[in-house]
Amino acid sequence: MSDTLAIGNTVAPIQTVVRCMTALNQAMNRAEHLPGIVSLYGPSGVGKSIAAAFTANSTNAYYVEMRSAWTKKKFLQAILKEMGIKPELVISDMLDQICEQLALSQRPLIVDEADYAVEKNMLDLIRDIYEGSSTAILLIGEEHLSTKILRKSERFHNRMLHWAKAEPASHADAKVLRDFYGKRSGVLVEDDLVEHIRQYIKGCVRRLCVNMELVHQEAKRQGLTTINREQWGNRELYSGAPHVGGR
């Protein structure tokens, strides 16, 4: 998984983590007549993979992160590898293996980078997995995932129970992350500097984490246990933009 907000076995409970957990729990605890596929979607950098990792661990879900070059066969092989099952040689047999294991284990399935499933025409395959197992399935994707699925397959879109949107970090999220990293470093970043950072990086969770590290390092260099906006001054923050020029 590409992101982590973990120290030990702890994950910061930012709103994206909460929404992801809520969505999958809703599918797992749904009434029998309701569909069981849900999604967490949103722009890059807002903590979706972090949320997927936490949710997978919390629900004992099978987790696969799709790749752009994957074929249908490779996708099924990856799921079976996650299950610890030796794949059959034929795609239809692999599909039966997966459906059987999901049905027997009653464990959910999380598919990260699900946009690739749309692009590679794998929605029917995921629908087959769902229909063959009745397990809860969580799709993690980018902000236009719903539109992509609707354009590709209205039949699949109709089987969606819930769409959970991953939003940029709020002020409350930023304070959670501040406290999360502060436990490790022993440095308190004051609220005014936290909000300055959040606004500067427009709520991107990944860049918020990078900048918290920068601030903690600077505070330690100065021998500070607390640091505020005034003390930070005009020092550069990480925006994600490449540096131009240099020495």
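What you see is a predicted model; the values in this text were computed from it and never measured. We're numbering straight along the sequence, starting at 1.
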Query raised in the report: So, do Lys148 and Glu119 sit near enough that their side-chain heavy atoms are less than 4.5 Å apart?
Result: yes
Query raised in the report: Between the side chain of Thr16 and the main-chain N/O of Val46, is any donor-acceptor distance below 3.5 Å?
Result: yes
Query raised in the report: For Arg151, does its backbone N or O pair with a side-chain atom of Glu154 as donor and acceptor, under 3.5 Å?
Result: no
Query raised in the report: Hey, quick one: are Ile137 and Trp163 part of the same hydrophobic cluster, counting side-chain heavy atoms closer than 4.5 Å, chains of contacts allowed?
Result: yes
**Report entry** Note, Thr59 side chain near Asn25 side chain (heavy atom, < 4.5 Å)
**Finding:** yes
Query raised in the report: So, are Arg235 and Glu218 salt-bridged, with charged N and O less than 4.0 Å apart?
Result: yes
Query - Residue pairs passing the salt bridge (Lys or Arg N to Asp or Glu O under 4.0 Å) test where at least one lies in residues 133-142, sequence neighbours excluded - result: Lys48-Glu142
Query raised in the report: Got a second to check how far Cys209's SG is from Arg178's CZ, nearest 0.5 Å?
Result: 14.0 Å
Query raised in the report: Any side-chain heavy atom of Leu145 sitting closer than 4.5 Å to one from Ser39?
Result: yes
Query raised in the report: How long is the span from the CD1 atom in Ile201 to the NE2 atom in His196, to the nearest 0.5 Å?
Result: 10.5 Å
Query raised in the report: Looking only at atom types and distance, does a side-chain atom of Arg107 sit under 3.5 Å from a main-chain N or O of Leu102, one as donor and one as acceptor?
Result: no
Query - Transitive ILVMFWY side-chain link Tyr62 to Leu139, under 4.5 Å - result: yes
Query raised in the report: Do Asp173 and Arg198 meet the salt-bridge criterion of a basic N to acidic O distance under 4.0 Å?
Result: no
Query - Gln217 side chain to Met212 backbone, donor-acceptor under 3.5 Å - result: no
Query raised in the report: Mind checking what makes side-chain hydrogen bond (donor to acceptor under 3.5 Å, both in side chains) contact with Gln199, not counting sequence neighbours?
Result: Glu195
Query raised in the report: Does Ser153 reach the main-chain N or O of Ile149 with its side chain, forming a donor-acceptor pair under 3.5 Å?
Result: no
Report task. Spell out, as yes or no, whether a donor-acceptor pair under 3.5 Å connects the side chain of Glu88 to the backbone of Met94. Result -> no
Query raised in the report: How many angstroms lie between CD1 in Ile79 and CD in Gln101, if you round to the nearest 0.5 Å?
Result: 12.0 Å
Query raised in the report: How close do Ile110 and Ala52 get, heavy atom to heavy atom, and via which atoms?
Result: CD1-O, 4.0 Å
Query raised in the report: Which residue pairs satisfy the ring pair (Phe, Tyr, Trp, His ring centres under 6.0 Å) criterion with at least one member in residues 108-155, sequence neighbours excluded?
Result: none
**Report entry** Nearest non-hydrogen partners of Leu95 and Asp128, listed with the distance
**Finding:** CD2-CB, 3.8 Å
**Report entry** Asn211 CG to Leu177 CG distance, which is reported to the nearest 0.5 Å
**Finding:** 11.5 Å
Query raised in the report: With sequence neighbours left out, what residues match Arg67 under side-chain hydrogen bond (donor to acceptor under 3.5 Å, both in side chains)?
Result: none
Report task. Could you pull out the closest heavy-atom pair between Arg229 and Leu193, with the gap in Å? Result -> N-CB, 3.7 Å
Query raised in the report: Taking the side chain as C-beta and beyond, is there a heavy-atom pair between Arg127 and Arg159 under 4.5 Å?
Result: yes
Query raised in the report: Would the number of heavy atoms belonging to other residues, nucleotides or ligands and lying under 6.0 Å from CG of Leu89 be above 12?
Result: no
Report summary line: For Asn234, the side-chain hydrogen bond (donor to acceptor under 3.5 Å, both in side chains) test, sequence neighbours excluded, returns none
Requested in this report: Verify, without hydrogens or angle tests, whether Gln15 (side chain) and Pro168 (backbone) share a donor-acceptor contact under 3.5 angstrom.
Outcome: yes
Query raised in the report: Arg155 versus Asp124: any side-chain heavy-atom pair under 4.5 Å?
Result: yes
Query raised in the report: If only atom types and distance count, is the side chain of Lys120 paired as donor or acceptor with the main-chain N or O of Thr71 below 3.5 Å?
Result: no
Report task. Determine the minimum heavy-atom distance between Ala61 and Glu82, stating which atoms define it. Result -> O-OE2, 4.2 Å
Report task. Would you check, one step at a time, whether the test side-chain contact (heavy atoms from CB on, under 4.5 Å) holds for Lys72 with Leu76? Result -> CA-CA 6 Å; Lys72 294 179 181 179; Leu76 296 179; 5.6 Å; no
Report summary line: Distance col, row Leu138:CG vs Cys20:SG, nearest 0.5 angstrom, shows 4.5 Å
Report task. Can you establish whether the number of heavy atoms outside Glu131 located under 6.0 Å from its atom CD is more than 12? Result -> yes
Query raised in the report: For the residue pair Trp70 and Phe75, does the interplanar ring angle fall in the parallel (under 30°), tilted (30 to 60°) or perpendicular (over 60°) class?
Result: tilted
Report task. Considering non-hydrogen atoms only, spot the tightest contact between His162 and Ala23 and give its length. Result -> CD2-CB, 3.9 Å
Query raised in the report: With no hydrogens and no angle check, do the side chains of Asp112 and Ser49 hold a donor and an acceptor under 3.5 Å apart?
Result: yes
Query raised in the report: What's the verdict on side-chain contact (heavy atoms from CB on, under 4.5 Å) for Gln222 and Gln231, showing C-alpha distance, side-chain angles and the deciding distance?
Result: CA-CA 10 Å; Gln222 295 187 44; Gln231 289 169 309; 5.7 Å; no
Report summary line: Sorted by chain and residue number, the side-chain hydrogen bond (donor to acceptor under 3.5 Å, both in side chains) partners of Asn121 (sequence neighbours excluded) come out as Lys152
Query - Side-chain donor-acceptor pair present, Ser146, His157, cut-off under 3.5 Å - result: yes
Report summary line: Closest non-hydrogen contact found for Thr135 with Pro108 is OG1-CA, 3.6 Å
Query - Donor-acceptor contact below 3.5 Å, side chain Thr225 vs main chain Val187 - result: no
Query raised in the report: Would Leu150 and Leu123 show up in the same hydrophobic cluster when neighbours are defined by side-chain heavy atoms closer than 4.5 Å?
Result: no
Query raised in the report: Does the side-chain contact (heavy atoms from CB on, under 4.5 Å) test come out yes or no for Val205 and Ile50, once each step is laid out?
Result: CA-CA 10 Å; Val205 173; Ile50 300 162; 4.2 Å; yes
**Report entry** Main-chain N/O of Glu190 paired to Asn228 side chain as donor or acceptor, under 3.5 Å
**Finding:** no
**Report entry** Under 3.5 Å side-chain donor-acceptor pair for Tyr238 and Arg207
**Finding:** no
Query - Verdict with reasoning, Leu237 to Trp232, per side-chain contact (heavy atoms from CB on, under 4.5 Å) - result: CA-CA 10 Å; Leu237 291 170; Trp232 180 256; 3.6 Å; yes
Query raised in the report: Is there a path from Tyr41 to Leu109 through hydrophobic residues (I, L, V, M, F, W, Y) whose side chains come within less than 4.5 Å of each other?
Result: yes
Query - Distance in Å, Leu125 CG paired with Met122 CE, rounded so as to fall on 0.5 Å steps - result: 7.5 Å
**Report entry** Linked, directly or transitively: Leu161 and Val118 (ILVMFWY side chains, under 4.5 Å)
**Finding:** no
